[in-house]
Amino acid sequence: MIQIDNLHKSYAVGQNQLHVLKGINFSVNSGEMVAIMGSSGSGKSTFLNILGMLDEADHGSYILDGTPIKNLNESLAASYRNQFLGFIFQSFNLISYKSALDNVAMPLYYQGMKRQQRTERAMHYLEKVGLANWAEHLPNELSGGQKQRVAIARALASDPKVLLADEPTGALDSTTSYEVMDLIQEINDEGKTILCVTHEMDIAHMCRRIVHLKDGLILKDEKVEQVRAKNALDV
Ligand code: ADP
Ligand code: MG
C-alpha cells in the first residue's frame, strides 16, 4: 500500500538547514495498523504530512497504492488526497459553525457528491461511530471524545485507502483515549490500513506494529501483540 525509499526532509531555519528526516525506508501492507513513535520533535508529524501529501519530501520516493507521489500539481495532489487518504488530528479540526453531520459531509461536497447522497453517507458514518443522535449538534456541544468520533467519521466518509492519525488521543483523557482507540481498532479489523502517530507507549501497543523514529531515522520496526483497547477499558 505504501512504499517509501530513502526519504529526506529538511527545513530552512534562518541561515541553517534542519535535517529532520535523513533517509527513511518504510513500507506498509494493506490492512496494517502501524504506530509511529518518537519523542517530541523527532519528525513524526513531518513524516505523516509527507505520507498525507500535505508536504513534500526533498529527496526519495513515495509510492501509494501503485501511484508514484511526485511532482504533482496542487489540484492533482488534492484529488489523490481526497481519494486515497483520511486524516485525524489531535485537535479534531472540525468546523465550529457546522453541525456534526455537515462536518462529516464536507469532504463529499468537495468530491462533487449530490446533497442527498452526502447526507445519507455522512449519517451512515455518524451511526458507525455511535453519534447518530448528535448529527445536528455543533462541535462545541460535544465532548472531546465525541468530537474525535466526528472527525473519524469524516475521515472514513470518502472510504480512503489509508487512515492517517496524528496523535489522535493527544487531547483526550485516558478513558476517552481508549474508547477512541477501540473505535480505530474496529475500523482496522474491517481491513482499513491505519498509521497512527503517538508518543504514548500504551497507545502504540494498541497498534499491530511499532516504528520508532529517532534522529531522523527508523531506529526500530517491530511487530507487536495488539493490546485491545476494550480490555484496557474494563480494568
Ligand atoms: P514531532 O511531530 O515528532 O514532534 P515534527 O515533525 O513536528 O516533530 O518536527 C520535527 C522538527 O522539525 C522539529 O524540530 C520542528 O521544530 C521542526 N519543524 C517542523 N515543521 C517545521 C517548519 N515548517 N519549519 C521549520 N521547522 C519545522
Ligand atoms: Mg507532531
Side-chain angles (χ1 to χ4, degrees), residues 2-28 32-62 64 69-74 77-78 81 84-94 144-145 147-148 151-152 154-155 160 162-174 176-178 180-181 183-184 188 193-222 224:
I2 288 173
Q3 176 78 46
I4 291 277
D5 285 295
N6 197 27
L7 195 82
H8 286 260
K9 178 74 183 178
S10 300
Y11 292 112
V13 181
Q15 300 294 321
N16 301 313
Q17 289 286 320
L18 180 66
H19 201 175
V20 179
L21 303 178
K22 301 180 180 168
I24 303 272
N25 297 299
F26 177 64
S27 63
V28 178
E32 282 201 85
M33 180 165 176
V34 186
I36 298 168
M37 279 206 89
S39 53
S40 178
S42 60
K44 304 181 297 296
S45 295
T46 300
F47 186 38
L48 203 75
N49 289 344
I50 292 171
L51 290 170
M53 291 188 248
L54 298 168
D55 200 354
E56 257 196 310
D58 301 326
H59 184 80
S61 80
Y62 173 20
L64 174 58
I69 305 302
K70 193 153 186 95
N71 301 328
L72 305 177
N73 65 41
E74 193 44 52
R81 214 155 40 224
F84 288 143
L85 302 163
F87 294 91
I88 309 169
F89 300 97
Q90 173 171 356
S91 51
F92 323 123
N93 293 11
L94 299 177
K147 282 183 215 169
Q148 197 57 300
I152 291 170
R154 177 183 57 186
V162 181
L163 208 55
L164 300 173
D166 195 348
E167 309 259 9
T169 62
L172 306 174
D173 64 64
S174 61
T176 311
S177 291
Y178 293 169
V180 164
M181 286 309 291
L183 175 60
I184 293 176
N188 174 248
T193 309
I194 300 177
L195 271 64
C196 180
V197 163
T198 182
H199 61 267
E200 290 164 303
M201 205 40 122
D202 55 341
I203 299 295
H205 277 276
M206 291 176 178
C207 299
R208 299 175 190 275
R209 174 178 160 197
I210 305 179
V211 169
H212 301 260
L213 280 187
K214 196 173 181 210
D215 298 331
L217 288 167
I218 293 179
L219 185 70
K220 191 162 149 201
D221 185 342
E222 52 174 348
V224 293

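Read the numbers this way: they start at 1 and go in the same order the structure lists the ligands and their atoms.
- Of all protein heavy atoms, the one closest to atom 8 (O) of ligand 1 is Gly43 N, 3.2 Å.
- Residue Ile194 comes nearest to Ile184 through the heavy atom pair CD1-O, 3.5 Å, listed as atom of the first residue, atom of the second, then distance.
- Side-chain atoms of Asn188 and Arg208 include a donor-acceptor pair closer than 3.5 Å.
- Within 6.0 Å of NZ on Lys70 lie more than 12 heavy atoms contributed by other residues, nucleotides or ligands.
- Salt bridge Asp55/Lys9: present, at least one basic N to carboxylate O contact under 4.0 Å.
- Looking at Tyr178 and Asp202, their side chains do bring a donor and an acceptor atom within 3.5 Å of each other.
- Taking every heavy atom of Ser39 and a limit of under 4.0 angstrom, the matching atoms of ligand 1 come to 3 (O).
- Note on Ser45: counted as a metal contact of the Mg ion (ligand 2), an N/O/S atom lying under 2.8 Å.
- Looking at Thr46 and Asn49, their side chains never bring a donor and an acceptor atom within 3.5 Å of each other.
- At a heavy-atom cutoff of 4.0 Å, ligand 1 is contacted by both the backbone and the side chain of Thr46.
- The protein heavy-atom contact nearest to atom 7 (O) of ligand 1 is Ser45 CB, 3.7 Å.
- Checked against a 3.5 angstrom limit, the closest N/O atoms of Val20 and ligand 1 fall outside it.
- Taking every heavy atom of both residues into account, Ile88 and Ala155 meet most closely at CG1-CB, 4.1 Å.
- Of all heavy-atom pairs between Lys22 and Asp215, the closest is CD-O, 3.4 Å.
- The protein heavy atom nearest to atom 19 (C) of ligand 1 is Tyr11 CE1, 3.4 Å.
- Residue contacts with ligand 1, taken as heavy atom pairs separated by less than 4.0 Å, involve Leu18 solely via side-chain atoms from C-beta onward.
- Closest protein heavy atom to atom 11 (C) of ligand 1: Gly41 O, 3.7 Å.
- In this structure, Gly38 has no heavy atom closer than 4.0 Å to ligand 1.
- There is no protein heavy atom closer than 4.0 angstrom to atom 15 (C) of ligand 1.
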